[in-house]
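Some notes on the structure that comes next.
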Amino acid sequence: MTTLLVMTAGHTDVQLVANDQRHKLDGNTCGKLHDAIKERSWAVVDAPKGRSRDLKKVLPEGDLHLCSPKLDAVLEHLAPSLPMSVLIFETLRRGARDPRLAGELMERRLRDRGVENVTRVAFLTGDEQLEDPSNEVDSVVRRSVVATLSNAIGLATANLKPDDLVFVATTGGLAAANELINEMVRLHCVGRQRVTALEVPDGDRTNQGDRAVEEKFHPAAGYRARWHALSLVEKGNLLGAWGAVSHLESAPGQEWTQVIHWLAHFAASLPLPTGCDLSILSHERMAVRAALRVELALRAGDIPRAVHGTVAFFEAALWDRLGERVERSSDPKKRRYFKVKSGEAPTGDKLLKHGDGSDDDRKRPFELKETVDGIDWYWVYDGDGGPGARIARDFLQSAALKEFDVALKEVRELRNDIAHDEPTPDLMNHAGTRIRNTALWSNTDTFLSQPLVQAVLKELGEASPQNLLTNLLAEVRRRLVVCEGSIRSRITGSTANRPCS
């Protein structure tokens, strides 16, 4: 197993050692002091725990002893093993403040400790600046700098194996570049290597010397993920929302991610995890759930899923109503066998198959399969070509389902077209136009707003179908947005509206 260490070099990575104490160099003249050190004889020694508060503005006489306390702290954290390779990011600029010796000193320290594969990359040299305020794209970090950082990290991680370890310690240098480096390392290693970020708090505060610790989870990262996830949910992209926050699932205080997990399961039509208390996701009416999926797909611009869902909505509503009239067999081998709860057989020329193989017979939905102990058991056909329509019209006598099916007849075949053909822009535009013309979708691509849809759902007992998604999104927002309850409860003692984590 190989270990890669990525570090940044900054002002505090070159410190003088004298009288068993380390001394920081004056930041305003750091670059000039580094130039002067290079003209002298110097060696790198262990960083002492003691640290003087005085900044060195003048170098002492004689040979110089230097140390790099943050690097030493990182190496101690990785002990007893050493990193097999190290990538150091540094700056080599001409300014008086530039810590241009830091990378060289760190490399010497690493080689003295037995690390042979050390690479230094200067991402700023000469008069280069990190940012270019005159260009909006380059106003924080110039694109050329971004490319230099990314290329170096890509080369350093290219030959790593999946079980190798990567540590990143952006303990010095420029904050904006450090933030990029952290994220780039994770990007290059995602799905392959485990990345551990290290930080080195100021050891002087504890009088114990510098110690590297694994970076603690920052609350800002959680809130950043919340608004990102909520934005994706609002756009109907539930699976994308889970993908954006799944890495926080086990992070402390991020229990809110389970809400997004539930939504992702719902979007994928997977069984909901135990503990899901968003009741609408497990609504007893399949048609309610199907309608929500169509509305979300339309919000996300996922035309294929919306087309499939529109047809599936009719089928779900049909079986919601059928469930009131028929009962499924408990025999696992006869799961498609049903008996009529009232005991009354589906009769008449429109419902019960005659078995004569005629075109009309294929439209009849009920086929008698067997009679056991005086109970008739039927196979129920609900597919295209008439059976579903006859169930709605002649067995359930549902005006809402009948009207929906009439509209659906104009576009039902689109489900097969989309399933089996390449979803080209022309095909998607054609499908959308045809379904809008039937009034199953609105001209602004909504589903729950449509009278044909609302009539079906109201017949199933849903009083306000137009508010189904609005209410779901409001509840998700309530759980993800920072609630004021914790602050309010401190002031009033109230336990209402606790935080939604």
Side-chain angles (χ1 to χ4, degrees), residues 190 217-283 285-310 312-313 316 428 432 441-442 444-450 453-454 457 462 464-486 497-501:
V190 67
F217 179 80
H218 198 297
Y223 286 103
R224 185 183 303 115
R226 288 191 198 208
W227 70 254
H228 189 194
L230 187 56
S231 175
L232 289 168
V233 170
E234 293 275 0
K235 295 174 182 176
N237 193 349
L238 307 189
L239 294 174
W242 174 240
V245 304
S246 58
H247 64 289
L248 297 178
E249 185 177 17
S250 301
Q254 305 306 305
E255 292 80 5
W256 60 270
T257 57
Q258 68 182 347
V259 176
I260 307 301
H261 198 193
W262 299 337
L263 292 174
H265 275 250
F266 173 76
S269 299
L270 295 173
L272 293 173
T274 303
C276 174
D277 60 359
L278 286 174
S279 57
I280 195 170
L281 301 187
S282 55
H283 198 286
R285 295 295 195 181
M286 293 184 292
V288 169
R289 306 196 301 271
L292 276 172
R293 291 189 179 101
V294 175
E295 189 77 8
L296 287 162
L298 287 170
R299 279 201 175 203
D302 190 344
I303 300 301
R305 187 181 291 269
V307 171
H308 282 283
T310 300
F313 170 76
M428 296 302 98
W441 298 354
S442 74
T444 56
D445 283 349
T446 59
F447 188 67
L448 291 169
S449 64
Q450 299 307 94
V453 178
Q454 292 182 12
L457 291 173
E462 187 59 44
S464 302
Q466 70 276 9
N467 295 327
L468 284 170
L469 182 59
T470 302
N471 293 340
L472 172 61
L473 294 178
E475 177 60 13
V476 172
R477 173 177 288 274
R478 187 188 74 80
R479 297 193 185 202
L480 263 64
V481 173
V482 181
C483 297
E484 296 180 7
S486 59
N497 296 320
R498 290 290 188 184
C500 304
S501 63

Can you list the residues that meet the side chain to side chain donor-acceptor pair (under 3.5 Å) rule with D277, with sequence neighbours excluded?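 In terms of side chain to side chain donor-acceptor pair (under 3.5 Å), with neighbours along the sequence ignored, D277 is linked to R479.
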
Side chains of [X] and [Y]: does their closest heavy-atom pair fall under 4.5 Å?
X	Y	answer
V453	P465	no
I260	L480	yes
W262	V259	yes
P273	Q258	no
L468	L457	yes

Name all residues meeting the ring pair (Phe, Tyr, Trp, His ring centres under 6.0 Å) criterion together with F313; count only those two or more places apart in sequence or in a different chain, and write none if there are none.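 F313 satisfies ring pair (Phe, Tyr, Trp, His ring centres under 6.0 Å) with F404, F447 once adjacent residues are dropped.
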
Can you name the ring pair (Phe, Tyr, Trp, His ring centres under 6.0 Å) partners of H308, sequence neighbours left out?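 Once residues adjacent in sequence are excluded, H308 has no partner under the ring pair (Phe, Tyr, Trp, His ring centres under 6.0 Å) criterion.
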
Pair W256, Q254 - check side chain to side chain donor-acceptor pair (under 3.5 Å), show working. CA-CA 5 Å; W256 60 270; Q254 305 306 305; 2.6 Å; yes

[X] side chain to [Y] backbone, donor-acceptor under 3.5 Å:
X	Y	value
Q454	L448	yes
D302	R305	yes
E475	L278	no
H283	V288	no
T310	A306	yes

Can you tell me how far CG of L473 sits from CD of E295, rounded to the nearest 0.5 angstrom?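 Atom-to-atom, E295:CD and L473:CG are 9.5 Å apart.
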
Using 0.5 Å steps for rounding, measure from the CG atom of L238 to the CG atom of L281.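 L238 atom CG to L281 atom CG measures 8.5 Å (nearest 0.5 Å).
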
So, T446 and W441: side-chain donor and acceptor under 3.5 Å apart, yes or no?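 Their side chains do not contain a donor-acceptor pair, so the 3.5 Å distance test is not met.
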
For H228, give me all partners under side chain to side chain contact (heavy atoms under 4.5 Å, CB included), at least two apart in sequence or on another chain.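 Partners of H228 under the side chain to side chain contact (heavy atoms under 4.5 Å, CB included) test: L232, A244.
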
Of all residues at least two apart in sequence or in a different chain, which pass the salt bridge (Lys or Arg N to Asp or Glu O under 4.0 Å) check with E234?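 Salt bridge (Lys or Arg N to Asp or Glu O under 4.0 Å) list for E234, sorted by chain: R299, R477.
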
Once salt bridge (Lys or Arg N to Asp or Glu O under 4.0 Å) is applied, do any residues pair with R289, and if so which ones, sequence neighbours excluded?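 Expected list: none.
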
